[in-house]
2 protein chains.
Amino acid sequence: MPSEASGDRKRSLHETIRSDIEGSIVSGAWQPGSQIPFEQDLAARYGCSRMTVNKVLTELSRAGLIERRRKAGSFVRRPSSQSAVLKIVDVRREVEALGLPYHFEILRRAVRPAIKADQPLLAVSAGTPVLDITCRHFAARRPFCLEDRLINLSAVPEVADEGFATLSPGAFLVSRIPWSTAEHRIRASAADAAAAEVLLVAPGSPCLVVERRTFDQDRPITHVRLVYPGDGHEMVARFAPTGG
Amino acid sequence: MPSEASGDRKRSLHETIRSDIEGSIVSGAWQPGSQIPFEQDLAARYGCSRMTVNKVLTELSRAGLIERRRKAGSFVRRPSSQSAVLKIVDVRREVEALGLPYHFEILRRAVRPAIKADQPLLAVSAGTPVLDITCRHFAARRPFCLEDRLINLSAVPEVADEGFATLSPGAFLVSRIPWSTAEHRIRASAADAAAAEVLLVAPGSPCLVVERRTFDQDRPITHVRLVYPGDGHEMVARFAPTGG
DNA sequence: GAGTGGTCTAGACCACGAT
DNA sequence: TCGTGGTCTAGACCACTCA
């Protein structure tokens with residue numbers, strides 16, 4: 001199994017091991033759910049110490065390719081539905097990173113009880129008070145992003161009194177509210193009439209839509225949908241194989 | 001600087017160290033660009049071996065929080081403009097995660113010298129041999145994704161002889177080639193005529209476009225553009241703030 | 001040249017969890 | 001119970017790079 005193949009440039013031992021295992025998984029040679037060799041066996045096979053193998057398997061575990069259980073061993077993880085792990089900061093930071101002046105405006109704001117249609121977005125029972133807010137972000141005075149947000153007021157009651165004079169709803173929440181989990185969805189979508197009007201694009205033109213649900217210990221905090229118009233917006237990411 | 005605070009029982013030493021350093025960085029106590037202590041100093045400060053500190057700093061480096069240079073030391077990285085950090089495994093795994101049968105086909109394949117137009121995609125000098133390949137991925141026999149890929153043959157010469165009979169180009173590369181960095185761009189785009197025909201959608205309909213450039217130690221390996229048709233495709237991500 | 005990070009070793013002890 | 005992974009050590013050598 002050790003590759004030691006011809007033409008391999010100078011690679012460290014753990015890189016070689018990792019590449020071998022990753023290849024076996026991605027190629028399907030090691031099926032999801034199947035057990036991979038124990039650390040000791042891999043160490044013997046590669047003629048190295050267990051630490052070196054452990055480093056590789058720990059990385060693969062963090063990367064989500066394998067799952068490890070004490071006493072049981074390590075297993076190829078079933079490809080989870082998550083195809084992406086994503087971090088997003090704040091629209092303001094996003095705009096300023098482009099070197100453009102930023103401002104935003106609140107288009108709509110209402111405190112109301114949650115209705116059934118809210119539940120796929122914000123998992124609260126009907127009747128729970130929510131803050132329903134729409135906001136438009138600008139970069140260099142041009143519409144940059146449309147934000148529709150629901151906030152669970154039973155989890156964050158103090159938001160009801162916030163005027164969002166300087167901080168946008170998203171920035172306010174980030175600064176005040178702890179959260180434990182977030183879930184993102186990214187997709188391409190055609191602009192509907194309302195979004196097209198607000199974003200100054202033609203109806204039906206492609207938009208990048210980012211939806212995020214944020215939880216604190218399984219308690220829903222907020223749901224936000226960000227609509228970025230047209231080809232203009234790119235999300236750029238740079239990362240290394242194992243890093244978070 | 002060691003926390004050693006009350007109630008920190010359950011955490012391992014390297015978690016404690018990581019948390020301390022991460023805190024100093026995100027709180028702004030350690031400004032971007034400033035140097036952080038050497039491994040030996042941190043080891044002495046925490047009374048542990050250099051390996052333990054090295055593990056933490058390697059993780060932080062992979063996570064993009066710090067930058068490390070031999071002889072010079074480790075430094076707090078300036079927050080980059082990246083709005084997202086993203087991991088994508090492989091289209092095959094993506095499809096199988098949806099519980100759908102997967103297959104792919106090679107639509108076009110050519111070995112040719114790089115031209116100037118390639119340079120924004122793959123940073124190789126003109127004339128360098130590249131493999132230019134187009135491939136269509138299917139989920140449940142319906143077009144799922146269109147892949148246009150350039151591979152730097154001077155970095156990966158063995159790919160020129162690969163038939164991609166069972167492994168798609170992406171899976172093949174992952175299984176064979178080490179990489180140190182990848183850069184992703186995600187955007188919404190209107191399907192052009194060619195893509196629309198191959199993906200069986202109407203021209204101009206919104207598509208999710210993911211572009212990825214992969215490097216091994218600053219040497220370009222491959223550029224790939226994945227076009228996912230319509231509203232159908234979502235990238236879902238779940239993550240926690242700690243960034244593990 | 002000298003000092004840093006990058007990697008690796010050959011041990012060790014512990015915690016967890018399957019049996 | 002007892003084998004596995006999780007963690008840590010106290011060394012070591014090498015490669016890179018700054019001075």
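We name chains A, B, ... by the order of the sequence lines, and we start the count at 1 in each one.
A donor-acceptor pair shorter than 3.5 Å cannot be found between the side chains of B:R149 and B:T134.
Rounded to 10 degrees, the angle separating the terminal helix axes of the helix from C:dG1-D:dC18 to C:dA18-D:dT1, each built from five base pairs, is 10°.
Spacing between atom CZ of B:F75 and atom P of D:dC18 amounts to 9 Å, rounded to whole angstrom units. The separation between B:Q35 atom CD and D:dC18 atom P is 12 Å, rounded to whole Å. Rounded to whole Å, the distance from NZ on A:K71 to P on D:dT4 is 7 Å. Residue B:E67 contributes atom CD, which lies 18 Å from atom P of C:dT4 at whole-angstrom precision.
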Please table the atom pairs, donor to acceptor, closer than 3.5 Å between any side-chain atom in residues 161-174 of chain B and protein atoms at least two apart or in another chain.
{"residue": "B:E162", "atom": "OE2", "partner": "B:F164", "partner atom": "N", "Å": "3.2"}
{"residue": "B:S168", "atom": "OG", "partner": "B:A171", "partner atom": "N", "Å": "3.3"}

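B:I115 pairs by the side-chain contact (heavy atoms from CB on, under 4.5 Å) definition with B:R112, B:A117, B:D118, not counting sequence neighbours. Residues passing the side-chain contact (heavy atoms from CB on, under 4.5 Å) test with B:Q35 are B:F38, B:F75, sequence neighbours excluded. A search for side-chain contact (heavy atoms from CB on, under 4.5 Å) contacts involving B:P113 returns nothing, not counting sequence neighbours.
Within 6.0 Å of CD in A:Q119 there are more than 12 heavy atoms belonging to other residues, nucleotides or ligands.
Here the two rings, on B:Y102 and B:F138, have centers that are 6.0 Å apart or farther.
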What is the per-nucleotide protein-contact pattern of nucleotides 6-14 of chain D, from the 5' end, where B denotes a base atom under 4.0 Å from a protein heavy atom, S denotes such proximity for sugar-phosphate atoms only, and - denotes neither?
BBBBB-B--

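Inter-residue side-chain proximity for B:I36 and B:L57 is flagged as met; some heavy-atom pair is nearer than 4.5 Å.
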